[in-house]
Visitor: 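Encoded as structure tokens, here's the structure I'll be asking about.
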Protein chains: 2
Amino acid sequence: MITQFTYGTPVETFAVVQDIPVSGHEALRRFARKKGSPQIFSCMLGEDDVIYGLGETMRGINKRGFRYISFNYDDPNHRDDMPSMYGAHNFFVVDGEETFGAFFDTPAKVTFDMDSKGSGVLSVICASADLRLYIVEGDSAYGVVREFLGAIGQSFLPPLWAFGYGQSRWGYRTERDITRVASRYQALGIPLDYICMDIDYMDRYIDFTVNKRRFPDMAGYAARLREQGLHLVPIVDAGVKIEPGNPVYDEGAEKGYFCLNHEGTYYRAEVWPGMTHFPDFLREEVRHWFGDQYRFYTDRGLEGFWNDMNEPAIFSSEYRAKGTKPDLEHGDPDQPERHVADFKDFFHRLDDGREKSNYEVHNLFGAMMTRASGEGLDRLLDRRYLLFSRASYIGAHRYGGIWTGDNASTWEMLRQNVYHMPSLHMCGFLFSGADTGGFGGNCTRELLLRWLAVSVFTPLMRNHTALFTKNQECYRFRGPEDFKAVITLRYRLLPYLYSEFMKAALERDMLIRPLAFDFPEDGKARSIEDQLLVGESIMIAPVLEKGAKGRIVYLPERMTEVRYDGKSFTCMEVGAGERTVMVPLSQVVFYIRQGRLVPVGRAAANTAELDLMDVELLGTGTSYRQYVDDGYTKECSMDRCIMRTKEAQPR
Amino acid sequence: MITQFTYGTPVETFAVVQDIPVSGHEALRRFARKKGSPQIFSCMLGEDDVIYGLGETMRGINKRGFRYISFNYDDPNHRDDMPSMYGAHNFFVVDGEETFGAFFDTPAKVTFDMDSKGSGVLSVICASADLRLYIVEGDSAYGVVREFLGAIGQSFLPPLWAFGYGQSRWGYRTERDITRVASRYQALGIPLDYICMDIDYMDRYIDFTVNKRRFPDMAGYAARLREQGLHLVPIVDAGVKIEPGNPVYDEGAEKGYFCLNHEGTYYRAEVWPGMTHFPDFLREEVRHWFGDQYRFYTDRGLEGFWNDMNEPAIFSSEYRAKGTKPDLEHGDPDQPERHVADFKDFFHRLDDGREKSNYEVHNLFGAMMTRASGEGLDRLLDRRYLLFSRASYIGAHRYGGIWTGDNASTWEMLRQNVYHMPSLHMCGFLFSGADTGGFGGNCTRELLLRWLAVSVFTPLMRNHTALFTKNQECYRFRGPEDFKAVITLRYRLLPYLYSEFMKAALERDMLIRPLAFDFPEDGKARSIEDQLLVGESIMIAPVLEKGAKGRIVYLPERMTEVRYDGKSFTCMEVGAGERTVMVPLSQVVFYIRQGRLVPVGRAAANTAELDLMDVELLGTGTSYRQYVDDGYTKECSMDRCIMRTKEAQPR
């Protein structure tokens with residue numbers, strides 16, 4: 001059951017789609033509330049209570065013991081104590097003496113002090129006094145999450161090809177660069193479904209343009225790649241370059257579509273293309289206009305998109321130029337605070353007639369860009385498309401996926417990827433993943449292979465890296481057959497992974513879960529954060545340590561240990577309890593739960609060549625309900641794409 | 001055997017103290033050499049050759065597969081692919097088809113390409129054509145290292161108290177802050193030997209001053225702490241504030257002791273105290289003068305010192321102010337390159353009459369500051385003292401220890417600490433360690449406990465953290481008894497650790513070694529980087545993973561597994577091979593090699609209360625040769641401090 005409390009006049013966030021009646025404030029029994037601005041909500045925790053949720057935040061799966069700030073921010077140094085990342089996912093679950101969830105639905109900054117002092121107090125400090133608070137009741141943490149997922153609506157459904165392996169790099173400058181990537185993968189027989197184009201493809205980093213010298217015929221080139229089963233995925237940034245004569249700029253400026261500064265003229269900020277204006281994505285008319293611009297890409301045959309820089313990231317603004325340096329002796333060390341100046345002289349005009357500074361509605365900006373693109377693409381295309389964004393807010397999960405931003409090639413960030421997945425799935429962001437191999441820094445062979453072995457199980461599986469870093473395509477490392485083995489496993493598991501993704505989305509469930517959600521009575525399982533459940537049958541226990549030859553795995557029940565070596569699956573029944581398993585870099589080991597099945601298909605060069613119907617079954621179950629895709633025809637609406645249900649036969 | 005090759009007119013670095021005859025260049029058979037400037041030395045590696053050495057560099061213990069740059073640099077973001085840290089340790093060993101060592105003795109930038117392309121080529125690119133190259137032959141990697149350690153002279157010997165546990169923080173502003181730290185440790189019975197004073201103790205960050213408001217009577221305060229068995233350790237920075245009227249500045253300026261710019265006036269750079277000049281530490285007269293300044297501290301009863309900012313770190317220089325920003329499209333991503341401008345308009349006058357830019361002799365700067373302090377303290381004190389530095393070059397290991405600079409509270413940096421130790425010990429820096437718990441960022445209870453369990457075995461054991469970070473003293477976390485258990489183990493092991501340190505230093509040996517050095521025929525041991533040998537008896541296998549309850553340990557031979565729980569040692573004989581061991585946060589597990597012994601003492605509040613003679617013996621050996629300390633009297637010269645040798649009795 002969900003109860004809604006409304007304070008002040010909240011900004012419409014579109015996060016909750018279920019109709020939930022509003023209760024009087026006196027009915028709020030979960031939190032003690034301090035009125036005023038900021039509003040503070042507090043409760044006492046039981047000694048052993050665990051806190052889940054908060055989506056894209058650092059630390060482990062249990063969020064207790066630390067402080068987090070929802071204030072979307074672009075900082076690539078993903079240290080464990082960074083309070084803010086790119087998304088604001090204000091939903092959490094307290095699980096213990098009492099079990100309940102809370103969603104603080106406000107686009108302004110929110111600070112979650114999850115008992116950081118160790119005194120047993122949880123406090124939520126909302127910078128704005130206008131907000132909605134939803135309290136979610138349920139008889140278990142997992143039950144609370146499912147109740148919440150029902151309220152926020154169905155997660156974005158990308159096409160099957162978006163579940164393939166993607167290669168990306170900041171630095172593919174020309175058609176030739178991309179052709180070389182495709183040919184090398186094809187020559188080595190490593191599966192590939194898409195290649196991303198970072199800002200290099202654009203004309204001077206301007207959205208909705210192509211550098212003609214680098215890509216003389218984008219439409220023709222995209223078509224030739226499509227014949228090989230490959231998609232191109234361009235980046236789109238949030239800012240519109242100030243350049244009279246450019247039709248997007250001209251129309252936006254003429255019609256008043258950009259955000260304002262305190263003088264009432266358009267807000268100016270420097271980003272990749274130079275000085276830009278930011279579209280006022282919070283208004284429906286602006287979203288419609290911006291979404292229509294994607295026609296530039298769809299006209300050229302592109303069906304996958306990557307929205308970036310939409311926290312928004314700002315290199316410098318006119319406001320900041322006036323000089324607001326962090327103060328070494330007295331400053332707040334939380335990064336977002338250092339740059340709030342950028343967001344305070346930056347105004348939105350809402351559809352309800354109010355004017356709000358970006359600082360007050362900050363966390364909605366990227367989400368509404370994603371919504372603009374998603375609704376535009378729904379109008380432009382008669383089939384599903386790939387869309388993922390850097391910034392997000394709950395609600396945006398209905399319009400696109402996210403990736404966890406500009407990480408780096410470190411073992412710690414691989415581990416963070418594991419922690420992020422279940423937290424993101426609690427907040428609806430099912431189609432998500434990290435930059436495999438790491439964006440910043442130079443990746444090693446070992447790190448990339450271990451990371452790929454994790455990404456096999458995340459819906460988005462993209463290898464991406466930054467300019468100036470070492471080449472990170474699989475064929476740049478020795479022994480490409482090991483990379484082929486791991487990526488081939490992804491394709492062989494797609495009949496299962498795709499089906500489980502569809503079930504989770506359509507049934508408002510999580511795909512990737514902590515062990516605690518399925519084994520709530522098992523104290524040991526509750527404390528484990530580096531093993532995850534993926535769908536109904538699989539448990540993973542990835543190797544996350546540099547130089548490790550294997551790891552200790554905890555099995556909450558008897559399971560089938562499956563080892564894939566690039567050619568075949570070897571299964572072994574193993575008992576419950578702790579177990580040491582050795583995992584060479586060329587192999588992947590995962591577990592199938594007792595009485596469950598996993599359908600595995602044949603290897604394929606890409607998803608177009610993959611036959612989801614041609615599967616064999618691994619595991620000890622008797623039946624498996626498999627969702628299959630129908631080839632992305634017009635008939636594949638979000639509801640009807642599940643029409644062909646195949647009842648798998650037991651072995 | 002060591003062979004010396006001399007090119008051009010090398011700058012005197014004082015790194016090698018043994019007299020080694022010079023060979024003709026035609027005798028150089030290990031490397032193909034490309035003449036000119038820069039000089040390039042190359043050789044082919046066998047497929048399975050391993051490369052050891054390079055001291056304070058990133059990556060693992062085997063340096064092969066990456067590129068490293070010796071160019072001392074202050075960058076706190078210790079990512080695995082950072083090419084330069086704070087020290088330049090140009091010695092490495094190739095171990096495999098052929099086994100030999102090479103020491104490129106030049107204070108200019110050196111790039112070590114350790115087969116980064118995977119083509120089997122090792123290349124060393126020396127920015128200066130003036131250098132000495134030493135080739136070290138031996139019949140094993142360990143043999144080569146010992147030969148080299150013999151040539152560079154005995155490592156710095158600190159007093160026993162420097163092996164105690166130290167607490168530090170950037171942010172202890174007053175006497176009262178420090179008193180509070182001491183009392184809290186004492187109240188909880190957690191051992192403590194010293195407290196460091198970061199820049200806060202100074203008057204406006206000026207060396208050789210004390211802020212009188214914060215420390216009204218430093219001498220009296222230091223004496224009161226000494227009565228409690230505690231030492232104070234102040235920081236000393238490299239730059240001298242430009243402030244006429246300050247006697248150090250006045251004398252340095254009048255006598256021409258500072259480095260110059262291209263106009264022949266003193267080079268100016270902004271560091272903590274504001275604009276400073278840098279003493280020209282490369283000249284003996286300047287070193288003597290600077291070393292004498294430490295009298296300011298010794299007069300106040302201080303006997304431990306911490307030299308910092310001596311790469312040198314520069315916030316801004318007049319040269320850089322002219323504008324040399326990194327170029328995004330064409331820049332070299334290696335950090336040091338971005339700021340070389342600072343070091344090119346910065347001149348030294350050498351004792352040999354030549355003038356050299358700092359860029360040409362860069363890596364000697366911090367080492368010569370350490371030498372200045374060490375020689376000064378030898379004149380000022382009649383007993384051993386603690387001294388450690390951030391920047392270093394081989395040779396400085398005779399004058400002081402080092403710590404591995406401004407790390408952060410991440411699991412990856414804990415792991416790096418483990419990798420650094422044997423590499424540092426190959427280069428003579430025996431007295432070394434990391435900032436336990438991490439300098440930047442907020443440390444968690446779990447990370448600090450696991451880190452302390454590593455630091456127990458490193459000669460320098462200091463908990464240090466930065467301004468604005470979460471408090472990191474052990475008593476700030478719940479369950480201080482767990483911290484007490486781990487730190488108490490350090491003191492109980494000091495009879496062994498101190499003795500083994502002394503043996504390593506006096507016998508020109510390593511204290512901390514990779515498994516490969518003692519088990520060269522064991523292929524598995526050769527590949528392990530997260531277990532280390534400490535002295536003749538102990539092997540450690542620390543838990544380095546977040547959330548881990550234990551780990552897999554590889555035993556190259558039968559050993560005694562020792563578990564310490566804060567009260568007693570539990571020993572168990574375990575066979576060779578792989579083994580899974582569970583290690584709660586409140587315990588430390590280590591291993592004693594077959595046929596070896598470890599003397600353990602009783603718990604003590606500090607080293608002054610520790611009786612090195614009162615030991616029991618753990619392990620399966622029959623005798624142990626223990627070096628004990630004689631109480632730091634005048635007689636305790638570096639040679640004579642080992643006069644009392646105690647023959648331990650077998651159990």
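Lettering follows sequence order; numbering is per chain, from 1.
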Visitor: Using 30° and 60° as the class limits, which term best fits the ring planes of F315(B) and W272(B): parallel, tilted or perpendicular?
Guide: perpendicular
Visitor: For K524(B), is there an ion pair with E578(B) - N to carboxylate O distance below 4.0 angstrom?
Guide: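 K524(B) and E578(B): salt-bridged.
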Visitor: What part of Y554(B) is in contact with chain A, defined as an atom under 4.5 angstrom from a non-hydrogen atom: side chain, backbone, both or neither?
Guide: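 Contact with chain A involves no heavy atom of Y554(B) at all.
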Visitor: Determine the option with the most heavy-atom pairs under 4.5 angstrom with chain B, choosing from D530(A), D80(A), T410(A).
Guide: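 Most heavy-atom pairs within the cutoff with chain B belong to T410(A).
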Visitor: Report the option among R476(A), K546(A), E529(A) that has the most heavy-atom pairs separated by less than 4.5 Å from atoms of chain B.
Guide: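 When all of R476(A), K546(A), E529(A) are compared, K546(A) has the most.
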Visitor: Can you name the ring-ring contact (aromatic ring centres under 6.0 Å, His included) partners of Y52(B), sequence neighbours left out?
Guide: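 Here the qualifying residues are F517(B).
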Visitor: So which part of R79(A) gets closer than 4.5 Å to some heavy atom of chain B, the side chain, the backbone, both or neither?
Guide: side chain
Visitor: Measuring heavy-atom distances to chain A, does N442(B) have an atom under 4.5 Å in its side chain, in its backbone, in both, or in neither?
Guide: both
Visitor: Looking only at heavy atoms, which of residues 413-423 of chain A get nearer than 4.5 Å to chain B?
Guide: R415(A), Y419(A)
Visitor: Please answer whether the main-chain N or O of D200(A) pairs with a side-chain N or O of R214(A) as donor and acceptor at a distance below 3.5 Å.
Guide: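 Yes.
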Visitor: Between D435(B) (side chain only) and H464(B) (backbone N and O only), is there a donor and an acceptor less than 3.5 Å apart?
Guide: no
Visitor: Once you round to the nearest 0.5 Å, how far does CG of D308(A) lie from CG of D406(A)?
Guide: 6.5 Å
Visitor: Taking the side chain as every heavy atom from C-beta outward, state whether K470(B) and D81(A) have any pair of such atoms under 4.5 Å apart.
Guide: no
Visitor: Is it the side chain or the backbone of F477(A) that comes within 4.5 Å of chain B heavy atoms, both, or neither?
Guide: neither
Visitor: Going by ring-ring contact (aromatic ring centres under 6.0 Å, His included), name the residues that satisfy it together with Y68(B), two or more places apart in sequence or in a different chain.
Guide: none
Visitor: For K549(A), what residues pass the side chain to side chain contact (heavy atoms under 4.5 Å, CB included) criterion, not counting sequence neighbours?
Guide: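 M582(A), S527(B).
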Visitor: Please walk me through it: do Y205(A) and V271(A) pass side chain to side chain contact (heavy atoms under 4.5 Å, CB included)?
Guide: CA-CA 9 Å; Y205(A) 307 144; V271(A) 206; over 6 Å; no
Visitor: Side chain, backbone, both or neither: which part of A548(B) has a non-hydrogen atom closer than 4.5 Å to chain A?
Guide: neither
Visitor: Among S116(B), G547(B), G441(B), C443(B), which residue has the highest count of heavy-atom pairs closer than 4.5 Å to chain A?
Guide: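 Counting heavy-atom pairs under 4.5 Å, the top option is G441(B).
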